[in-house]
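Step one of this worksheet: look at the structure below.
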Amino acid sequence: MIIKIPEYIQSIEPYKPGKPIDELAREYGIQNAIKLASNENPLGPSPLAVQAITLALSNLHRYPDGRGHDLTVKLSSRLGFSPDHFVLGNGSDDLIGMLTRALLQPGDEAIIPTPSFLMYDIDVRSAGAIPVHVPLRSLSICANDLLERVTSRTRMVFICNPNNPTGTVMSRNDFEKFIGALPPGIIVVVDEAYMEFVRDPDCFKSMAYILGNKPVVALRTFSKAYGLAGLRIGYGVMAPELAGILHRIRQPFNVSLLAQAGAVAALEDEAFLNKTVQTVHEGLDYLYVELDRIKVRYFPTQANFFLIDAGQDADMVFENMLKKGVIVRSMSSYGYPEYIRINTGLPEENKRLIQAIKQVL
Ligand SMILES: *Cc1c(COP(=O)(O)O)cnc(C)c1O
């Protein structure tokens, strides 16, 4: 190619999303497929969010409020931080991109526990910075291992809690030791996309550290527990200085009018949130029992998804499950060539998953 592409851009591996149900229908002619590959909400979207979005449709000729006033005020009163601590994003993916663009320069290092959410690597590289991958230990992020990789060039550390794709959490104790020993000026980005599902009381919650003397950024999303993945909205909570920097570089209308309306309503729909969390927990407990019964190895989780050790090539298992109309995620591109990741579905979907696993494994 004649165009000169920076080497750090060329080195980026494109994000591989879960397979959409429509694509399966197109390629395999399979109808009634179920998707348990992207950690989505099996109950659908919050009905109150759908209602609010429907009402907002008549305002589509207007630009949205660039600051997301109503949602920010609502989040502010819920979480106990003044509105200047918040930045909204077109999904929390948008916030990861803003953070890396605003805060990293070529040559800076960002520590990424691995495997974890693939967007951290993509966004760090996009900024020309250097991803420093630190392997998990027993599927968990090891705080000491992260500290050992800190250098004078380290500017950012990602902690996905619970970690995608392993479902493990960092304890309050480990995080306290970590943040205490971390040199000042390094931004700790804590991605809490699955925090609503956590049952472990020892799990650390980043909100308790936002006002501390080390820069901690909490990322949350409406894509999972609130059932709004297709709408694209998430937010970050951070020190006002840092939020001000992100507001300078974000797109002026990065969160759509519909997304803002939907998220405000979803936050009020506590019945839906509670039902979602209950459905996920019941699904997990059912799947654990059934997998134990058929002696399939799996790794218990704090999220709405978990890893299964297929004991054979995960890409092949993915293909064979597809043929049964069950979409799972192969973990081969995450460095686990024999693991698949599944998320919990509705009770009948969980049954179908177990049936398919029985046939395929
Ligand atoms: C799903 C997910 C997100 C959410 O991304 P959105 O852009 O808000 O849809 C963020 N982080 C992790 C680890 C996730 O798994």
Side-chain angles (χ1 to χ4, degrees), residues 15-20 35-42 45-46 49 68 71 75 86-101 110-124 126 131 133 136 139-141 156-170 188-198 203 205-206 217-237 246 250-251 254-256 258-260 262-263 266-267 276 280 301-307 327-329 331 333-334 341-344:
Y15 183 80
K16 289 197 198 78
K19 200 174 187 65
K35 184 180 176 197
L36 301 173
S38 296
N39 310 335
E40 292 153 344
N41 192 323
S46 146
L71 179 58
L75 289 169
F86 292 86
V87 182
L88 307 182
N90 182 32
S92 48
D93 284 348
D94 189 19
L95 283 146
I96 301 166
M98 286 185 222
L99 287 162
T100 51
R101 251 186 303 139
I111 293 177
I112 305 176
T114 305
S116 192
F117 191 46
L118 298 174
M119 287 312 298
Y120 311 145
D121 181 83
I122 292 174
D123 284 328
V124 166
S126 301
H133 290 280
L136 303 183
L139 303 186
S140 298
I141 298 172
M156 195 174 282
V157 180
F158 287 92
I159 296 178
C160 187
N161 193 50
N163 187 49
N164 181 2
T166 56
T168 54
V169 293
M170 189 182 278
V188 182
V189 179
V190 186
D191 185 343
E192 299 186 333
Y194 302 97
M195 190 50 84
E196 292 87 352
F197 304 115
V198 170
C203 174
K205 311 259 162 62
S206 64
V217 176
L219 300 184
R220 294 272 178 99
T221 179
F222 288 91
S223 293
K224 309 290 161 45
Y226 292 95
L228 299 174
L231 193 61
R232 314 303 304 130
I233 181 161
Y235 60 95
V237 191
L246 298 198
R250 67 175 172 77
Q251 288 188 17
N254 61 327
V255 181
S256 80
L258 301 184
Q260 293 185 33
L267 266 187
T276 296
V280 165
T301 184
Q302 293 298 318
N304 62 345
F305 58 82
F306 61 94
L307 295 178
I327 310 174
V328 302
R329 195 78 156 254
M331 289 289 106
S333 60
Y334 287 72
R341 192 193 68 198
I342 58 100
N343 62 264
T344 57

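Values reported hereafter were calculated over all heavy atoms of this structure, with side chains retained and with hydrogens, waters and symmetry mates removed. Counting starts at 1 for both ligands and their atoms, following the listed order.
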TODO: Considering the heavy atoms of Gly91, write down every atom of ligand 1 situated less than 4.0 Å from one of them.
DONE: 6 (P), 7 (O), 8 (O)
Task: Subset of ligand 1 atoms that lie under 4.0 Å from at least one heavy atom of Ala193 - done: 2 (C), 3 (C), 10 (C), 11 (N), 12 (C), 14 (C)
TODO: Report yes if some N/O of Arg232 lies less than 3.5 Å from some N/O of ligand 1; otherwise report no.
DONE: yes
TODO: Look only at interatomic distance and state if Asn39 has a nitrogen or oxygen under 3.5 Å from any nitrogen or oxygen of ligand 1.
DONE: no
Do the side chain of [X] and the main chain of [Y] share a donor and acceptor less than 3.5 angstrom apart?
{"X": "Thr166", "Y": "Leu139", "result": "yes"}
{"X": "Asn90", "Y": "Val255", "result": "no"}
{"X": "Arg220", "Y": "Tyr235", "result": "no"}
{"X": "Thr301", "Y": "Ala303", "result": "yes"}

Nearest-neighbour protein heavy atom for [atom], which is reported as residue plus atom name and distance:
{"atom": "atom 3 (C) of ligand 1", "answer": "Lys224 NZ, 3.4 Å"}
{"atom": "atom 11 (N) of ligand 1", "answer": "Asp191 OD2, 2.6 Å"}
{"atom": "atom 15 (O) of ligand 1", "answer": "Tyr194 OH, 2.6 Å"}

Task: Thr168-Asn163 side chain donor-acceptor pair, cut-off 3.5 Å - done: no
Task: Residue pair Asn164 / Arg341, side-chain donor-acceptor N/O under 3.5 Å - done: yes
Open item on the list: I'd like to know if Cys160 contacts ligand 1, where contact means a heavy-atom distance under 4.0 Å to any ligand atom.
Closed with: yes
Open item on the list: Could you check whether any heavy atom of Phe222 sits closer than 4.0 Å to an atom of ligand 1, since that is the contact criterion I want to use?
Closed with: no
Task: Asp123 and Arg101 ion-paired at < 4.0 Å - done: no
Open item on the list: Out of Ala303, Ser223, Ser92, Ser116, who is nearest to atom 4 (C) of ligand 1 when you count heavy atoms only?
Closed with: Ser92
